[in-house]
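What follows is a short report on a single structure.
Predicted, not measured: the structure shown is a model, and the values here were computed from it. Order of the sequence lines fixes the chain letters, A, B, ..., with proteins taken first and strands second; residue numbering starts at 1 for each chain.
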Protein chains: 2
Amino acid sequence: MDFTNLISDRMMEVKASAVREIFKVASQPGVITFAGGMPAPESFPAEEIREAAMDILTNQPTAALQYSVSEGYPRLREQLKERLTKKFNIKMDQNELIVVSGSQQGADLATKALVNEGDGVVCEEPSFIGCLNTFRTYKAKLFGVKMNEDGMDMQQLEKTLKENKNIKMIYTIPTFQNPSGVTTSLAVRKRMLELAQKYNVVILEDNPYGELRFSGEDVPTIKSMDTTGNVIYIGSFSKVFSPGLRLAYLVFDKGIMEKIVVGKQATDVHTNIFAQMIASYYLDHYDMDARIESSRLLYKHRCEWMLSCMEKYFPKGVTWTHPDGGIFIWATLPDGIDTQKLLAESVEKKVAYVPGVAFMTDINQVTSSLRLNYSTMPDDKIEEGIKILGALLASKMN
Amino acid sequence: MDFTNLISDRMMEVKASAVREIFKVASQPGVITFAGGMPAPESFPAEEIREAAMDILTNQPTAALQYSVSEGYPRLREQLKERLTKKFNIKMDQNELIVVSGSQQGADLATKALVNEGDGVVCEEPSFIGCLNTFRTYKAKLFGVKMNEDGMDMQQLEKTLKENKNIKMIYTIPTFQNPSGVTTSLAVRKRMLELAQKYNVVILEDNPYGELRFSGEDVPTIKSMDTTGNVIYIGSFSKVFSPGLRLAYLVFDKGIMEKIVVGKQATDVHTNIFAQMIASYYLDHYDMDARIESSRLLYKHRCEWMLSCMEKYFPKGVTWTHPDGGIFIWATLPDGIDTQKLLAESVEKKVAYVPGVAFMTDINQVTSSLRLNYSTMPDDKIEEGIKILGALLASKMN
């Protein structure tokens, strides 16, 4: 069958990502990959999850295996509300939180509820490729706003909001951003919220790495300062518990509760209830904060180690971010070096990274930046890979 | 915040379903509910799932808890291909099957890949409310085609396909349909496939109940007769294993593989990998067919029992289907009795069902039909509920 005239317009515009192809290469034996975005397996509480699974399937098998409600496991919703209020000062009403199947689904449901085809979504430039693709599948018009050292450029944001009709959302990862590692300052967060209120748009605040700070001081989430309901907040279990279980949560104003829940129903009915009960059991019986603290120490070490290797092996003229948390470093080469083209050579030398272009709203531009991930590699591989990459970069910059 | 001008057009049209409100009432203590669509908890292999979970979390914890690929767990995909080929004569190439988070997501991804806003989707009238809502969230134009005793009316289908441009899909549940319980005949299946080929549209064949036959002879799936790639097939673990784990699979022509996979990535990255490994372990270590056989016997008993109670307690003038499998009976009262209105009275008498209107493409029409589910109730409750309902119906038909 010829599907040429059958494929929807929205999907004609979205291609299998370059990153995906990189992952295929990167997963070949012998390749040192800084291309991933996975948490360290050492951070998974595997034994505790096994105990939770055992207890649940012994004592509540029917609840764990039967259909459940779209909003999520009631006990888990309570625990999340309590945790968000206590730890992040995020307050909410009874029905302003639902459990979703990973952060990506949170972004999907928010977009489904708000964004018509052709409506605008403002994104940090660079931004997380997964959500850029989500917006593209709704035929949203993407407006990239450049990232400064303290977050999204607020002048460019206001100009964009002022000059364009039908912008519905500002998508931001304010803490340890993917891919840049940048943390948005308190002043910029406040200003972004003011602008969202002024121009009546929603801020989609994606915060998967927020609890993984290993230096500096916590900055309040934008949601914690939101008194008007403009912020939709996505929190996730993926980087602090397990990504394979696909558990995240969405916090929003009750004014869009119905649309979010109906969207969830029409998309996958509800999130795997067994997984929700495992997370709930864990929160009730173990110390989540102690677990996160040990992940922080691990990532602190790996980040500092990778930065020291970059210091040692990268040629002059390359600059990079110094994250206070999260799992990514963003490096920038002199203008004119296309990191997309360079990738083939790098992979030949058995080192993989993600070229900056993957994170741009316009995937046809040339970028001289690249994203490096340090969360899963042992020290010797980090050093070996950075050394190889440094030599390759040096050879291009002579 | 006032969301009035922010909600997307697609979601303005979709409301929280009436069924959902019914479920809230039906879950109150003391209510006998025939409104559900849940499999019998006795059919869940809870002990085997516990054993599988223990084994996986002991021996492969990282694989079960880390990110995985969007297409699904490779071993499970192989097992499903083998099972579909052997049991259903459905043949496919390497990449023509992916694992999804429940059948609903299968319908969502197929719609995302094919249906533009305003494009047509032909549906059986009545049809499964969940997928009708999925199509609505894409602003599809729904064309209802009436159900006869042998399936969708083929004359009306051809007329619809001939007279309307931009119809992309025909949505069918050919075996033990939800809500009618009707099984589409072989002749109608063949004709539907011919028409799909002639008019270049896709058949979305949803088959969650296909293995739950308890009388009569199996009818080949439409997908098994598909030599042109026109059929997208959805199979599910929900009714034969566990719905709470949210596992289903989509089989399709490789011509839309890329779009389905990119859609999956942009929607929820991948399906819970721990759950996929549990299903895979089960298929490798236990006898799925023996498990299904015992569910068949259970449903055969409950269906026959409910039918005999209806025979005994329902007034003359009410007619109903006699399913050969699945979990639903569809009853029709004399014209003019609005089963939606009647529901409030029924619930007051502590019996819940789903009014026919919930399954219609036009939810503003009046229907005199209702859906009864027999899969989860013990015999005495079935008799008690049908007796109460029969008396109520009789009081309206005097």
Of the backbone (N, CA, C, O) and the side chain (C-beta and beyond), which part of [X] lies under 4.5 Å from a heavy atom of chain B, both, or neither?
| X | answer |
| --- | --- |
| A:Asp119 | neither |
| A:Tyr67 | both |
| A:Ile278 | side chain |
| A:Ala64 | backbone |
| A:Lys239 | side chain |
| A:Val115 | backbone |
| A:Thr271 | backbone |
| A:Gln276 | neither |
| A:Thr111 | backbone |
| A:Thr228 | backbone |
| A:Val201 | backbone |
| A:Glu258 | side chain |

- Could you look at B:Glu47 and say if it's the side chain, the backbone, both or neither that has a heavy atom under 4.5 Å from chain A? neither

- Query: Which class fits the ring pair B:Phe237 and B:Tyr249: parallel under 30°, tilted 30 to 60°, perpendicular over 60°?
  - Reply: perpendicular

- Message: Please rank B:Ser101, B:Ser103, B:Ser238, B:Ser242 by heavy-atom pairs under 4.5 Å with chain A and give me the top one.
- Response: B:Ser242

- Message: Rounded to the nearest 0.5 Å, what separates atom CG in A:Leu6 from atom CE in A:Met1?
- Response: 4.5 Å

- Task: Look up atom NE2 in A:His270 and atom CD1 in A:Ile98, then write down how far apart they are to the nearest 0.5 Å.
- Result: 12.5 Å

- Message: Does this structure show an ion pair linking B:Arg291 with B:Glu48, if we count only N-O contacts that are shorter than 4.0 Å?
- Response: yes

- Between A:Glu96 and A:Asp93, is there a donor-acceptor pair closer than 3.5 Å when you use the side chain of the first and the backbone of the second? yes

- Item | Any donor-acceptor N/O pair, B:Gln104 side chain to A:Lys264 backbone, under 3.5 Å | no

- Query: So which heavy atom on B:Ile170 is nearest to which on B:Ala196, and how close?
  - Reply: CD1-CB, 4.4 Å

- Of all heavy-atom pairs between A:Thr267 and A:Asp108, which one has the smallest distance, and what is that distance? CG2-OD2, 4.3 Å

